[in-house]
**Student:** 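After the structure tokens below, expect a handful of questions from me.
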Amino acid sequence: SIATNYIAHPLFGAFIYYMFRKQGYTAKQSFCATVLQSTLFEYVVEGFVERPSGIDLLVTPVIGALLGAKAGKWVIPVSILMIVIRITFL
């Protein structure tokens, strides 16, 4: 869905990017970690259920890193809120 691909996935990418930055990694290292996480998730987790999505492979790390770089600390509470909403309405 549009909400999943363009809101939830980039927020998750932002969360990953921000957490790596917070641990002292450079912007480039954090971006690479976000790409790696997204790729692993697409192929290892979702790959058992559906074909990996090119949109997810691109949008999650790229938009996520941009959001994570600009958003700062708000990424964590928003990401947690998204998880709660997702679990509540499954």
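Computed over heavy atoms, backbone and side chain alike; hydrogens, waters and symmetry mates excluded.
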**Student:** Can you measure from SG (C32) to OH (Y17) and round to the nearest 0.5 angstrom?
**Tutor:**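 Going from the SG atom of C32 to the OH atom of Y17 covers 10.5 Å.
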**Student:** Same cluster or not: Y43 versus F48, using hydrophobic residues (I, L, V, M, F, W, Y) connected whenever any side-chain heavy atoms lie under 4.5 Å apart?
**Tutor:**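 No, no single cluster joins them.
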**Student:** So how far is it from I7 CD1 to L67 CG, rounded to the nearest 0.5 Å?
**Tutor:**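 I7 atom CD1 to L67 atom CG measures 11.0 Å (nearest 0.5 Å).
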**Student:** Would a distance-only check, ignoring hydrogens and angles, find a side-chain to backbone donor-acceptor pair under 3.5 Å from Q29 to T26?
**Tutor:**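 The answer is yes, because a donor-acceptor pair under 3.5 Å joins these two groups.
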**Student:** Which atom names give the shortest non-hydrogen contact between S38 and P61, and what distance separates them?
**Tutor:**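 It is OG-CD, 3.7 Å.
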**Student:** Can L57 be reached from Y6 by stepping across I, L, V, M, F, W or Y side chains whose heavy atoms are under 4.5 Å apart?
**Tutor:**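 As far as the 4.5 Å side-chain criterion goes, L57 and Y6 are not connected within one cluster.
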**Student:** Can you tell which of K22, Q23, K28 makes a side chain to side chain contact (heavy atoms under 4.5 Å, CB included) with Y25?
**Tutor:**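 Considering K22, Q23, K28, a side chain to side chain contact (heavy atoms under 4.5 Å, CB included) with Y25 is found only for Q23.
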**Student:** After noting the C-alpha distance and the side-chain angles of F41 and E46, does the key distance pass the side-chain contact (heavy atoms from CB on, under 4.5 Å) rule?
**Tutor:** CA-CA 6 Å; F41 185 83; E46 283 189 350; 3.5 Å; yes
**Student:** Nearest heavy-atom pair of E42 and P52: which atoms, and what distance?
**Tutor:**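 Distance-wise, the nearest heavy atoms are OE1-CA, 3.5 Å.
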**Student:** What are the two closest non-hydrogen atoms of N5 and D56, and how far apart are they?
**Tutor:**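 Heavy-atom minimum between the residues: OD1-OD1, 2.8 Å.
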**Student:** Please round to the nearest 0.5 Å and tell me the distance separating atom CZ of F20 and atom OG1 of T34.
**Tutor:**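 So the gap between those two atoms works out to 7.0 Å.
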**Student:** Would you give the length of the straight line joining atom CD1 of I63 to atom CG of L58, rounded to the nearest 0.5 angstrom?
**Tutor:**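 If we round to the nearest 0.5 Å, I63:CD1 and L58:CG are 7.5 Å apart.
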